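Right, one structure below, let's go through it.
Indexing begins at 1, ligand by ligand and atom by atom, following the structure's order. What you are looking at is a predicted structure, and each value in this text was computed from that prediction instead of being measured.
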Amino acid sequence: MTPAERHADLLARIRHHEERYYVLNDPEISDAEFDALMKELEAFEREFPDLVTPDSPSQRVGGRPAEGFESVDHQAPMLSLINSYNEDEVTAFDERLRRALDDAGVDAASVEYVAELKIDGLSISLTYEDGHLVRGVTRGDGFRGEDVTSNVRTIRAIPLALAQPVPGRLEIRGEVYLPRAAFDRVNREREERDEPVFANPRNAAAGTMRNLDPCEVARRGLSAFTYQLLGPPGVVPGRHADTLSLLRRWGLPVERNWQRCVGVGEVLAYCGKWKDARRALQFDTDGVVVKLDDLALREKAGATSKFPRWAIAFKFPAEQATTKLLRIDVNVGRTGAVTPFAVLEPVRLSGSTIQLATLHNEQDVARRDIRPGDYVLVEKGGEVIPKVVKPVLSLRGADVVPWQMPHECPSCGSRLHRPEGEAVWRCVNTACPARFRRSLEHFASRRAMNIEGLGEALVDQVVSAGLVRDFADLYHLAEEPLAALERMGTKSAQKLLQQVDGSRRNDAWRLLYALGIRYVGERVAQVLVGGFGSVDAIEEAPLGHLQSVNEIGPVVAAAVREYFDEPRNRQLVARLRDAGLHTVGEKTAPEATGGALAGQTFVVTGTLNGLSRDEASAAIEALGGKVLGSVSRKTTHLVVGAEPGSKLDKARELGVSVLDEQAFLKLIGRG
Ligand code: IVH
């Protein structure tokens, strides 16, 4: 054998064993034997460096992205899925889809689906050119994602070269996830180093993908499954089931428990089976994805701007456990809202140990009669923090008494206020240390000023040490006192200062969002800077002028005005400007939409997917509509998100029109 042949033979053998181990979970050799093969390859490549190609498994951990990840456009948007939570919703999906196909002239008495497990990770797009992996990109907002190629290459389940040579350019989409065993190991290690642990494998996977050090990413042990192929028509099979088989033949990881289902009955049986069977899997799954098998029919069914009409996600019911409620503490948020939370005896739930759970507000605790010392049922759905469902009354001790909401702020001691008609108690002291800490965390967060490393723990440290008293102090931090903080040191201090320095160059709208003005989310911040051209102009704008900007209603305008009417806030912005932050942005031409919703009244309830309730209200107001708090006969439309509650019942009772999120988005012209 020539050296080139020997090298090719070694690569093929290593890929074979990578596949047995990482894709099939069924190794043929021991870890030690595999390591020996890798050593042999490395020694061989030292002798014949010319033979090293980017496809060699020795090249999985290579160059790191220098500063951050570059953002890139997706070739086709990465859509999301509509969720369903019970059999009826899946059945309704099947009926809807068959009706749509019927209308399109297809005989759709019973259609064929493929049911797959829904992997609880983060979506990834992989590009192969002439069979070589050239790029890995995260989903991002569905239109643009981050180029994380150097991290994707470290995932050994993903082949650097396809098993069969496929000419041209292919895009393969799937999910990156952290197997449960790796998640437990990573968290154990973090606990030992006194670092915050990840709440669940999904967060751990997402955090790992954003890590700038591929060596660290490789150590974490991510894995992946693929389920979608975009490419030239001659390559992509006409049926999804055949795509899955093809991906597998190319050496790509495909979750093996997928099933072809004829009619919705078989789909429901699959969902029912995996509701319990999923516990034995080595990865987290939060549901089933049901997809039309025939790609030509998918075309006919079509998609909205966000979701395909030919697929649906069935979410498994949340897992529950019973544990003791040790006590109820309260937390102070950046807006001053003081909210209770449950401190629990640690209990295993959905693969992680939980000891905290949310409780909405004082009235909610009283209404559900949840008392410190009770045994409580806790539940974990898709959200990071579990919730308390109810007390287990049969286990209640004789000495257990109702909980009392504190009347003073646990941080600054000032008396709490509860405005008429609101459920939430607030600390109104703007100088409250707890409020400031949470505001600073928001200021530094990824979507605001994106100061990496300045999370909860470090915020607490810099504030406690008196190094940062307002946002502007961040830009005058010196290295020495930072380095002297516990667990910091010179290197970490320099890194933080670099991050802070870099944040000076952020767009002006990010700064406006980072200030934490009530109702000013990312979208509103962009609209305002787009409308006025600078934070400075917004600062000076009279109320009427603020409201005249498309999409900005009276609620938002008043909050912005109130913020800038406070001299302390104006001084803060001036200091930030002096520190070199961008306050000038780009003015964009206003769109003329007029008052399309004039004379109509809306009520918004439940959790919307793509926008917050405040953003929804602001959009309605911008189009001349009115937003009210409760449903009456005079309500034009009730806009409902997930878990809508009693307002939906009321609307149905009164015959008020009910809009789901899609219909609402369409109505406001964003559908
Ligand atoms: S198909 C156009 N299949 O779930 C639909 N998605 O809630 C493309 N996901 O963004 C998605 N497992 O990240 C599909 N077997 C699976 C999946 C899956 C997990 C994720 C995916 C998607 C999200 C939607």
Only heavy atoms count here, so choose which of R173, K118, E175 is nearest to atom 4 (O) of ligand 1.
K118
Nearest neighbour in protein (non-hydrogen) for atom 10 (O) of ligand 1:
S123 OG, 3.6 Å
Considering only the protein, which heavy-atom contact is closest to atom 17 (C) of ligand 1, and what is its distance?
Y227 CE2, 3.3 Å
Starting from atom 5 (C) of ligand 1, which protein heavy atom do you reach first, and at what distance in Å?
L81 CD2, 3.6 Å
Would you say E171 and S125 are linked by a side-chain donor-acceptor pair, where the criterion is simply a distance under 3.5 Å?
yes
Does E95 pair with R98 as a salt bridge, N-O distance under 4.0 Å?
no
Tell me yes or no: between the side chains of H240 and E116, is some donor less than 3.5 Å from an acceptor?
yes
Nearest to atom 2 (C) of ligand 1, what protein heavy atom do you find, and at what distance?
P308 CG, 3.6 Å
Starting at CD1 of I158, measure out to OH of Y22 and round the result to the nearest 0.5 Å.
13.0 Å
Among the heavy atoms of A311, does any lie under 4.0 Å from an atom of ligand 1?
no
salt_bridge(E175, K118) N-O dist < 4.0 Å:
no
T358 (side chain) donor-acceptor with K387 (main chain) under 3.5 angstrom:
no
Ranked by distance from atom 8 (C) of ligand 1, the top protein heavy atom is Q228 OE1, 4.1 Å
To check your reading of the model: name the closest protein heavy atom to atom 15 (N) of ligand 1, its residue, and the distance in Å.
E116 OE1, 2.7 Å
Side-chain donor or acceptor of R202 paired with backbone N/O of D284 under 3.5 Å:
no
Contact between L117 and ligand 1, counting heavy atoms under 4.0 Å?
yes
What is the nearest protein non-hydrogen atom to atom 12 (N) of ligand 1, stated with its residue, atom name and distance?
I119 N, 2.9 Å
Any chance the rings of F225 and Y177 have centres within less than 6.0 Å?
yes
Residue-ligand contact K291/ligand 1, heavy atom below 4.0 Å
yes
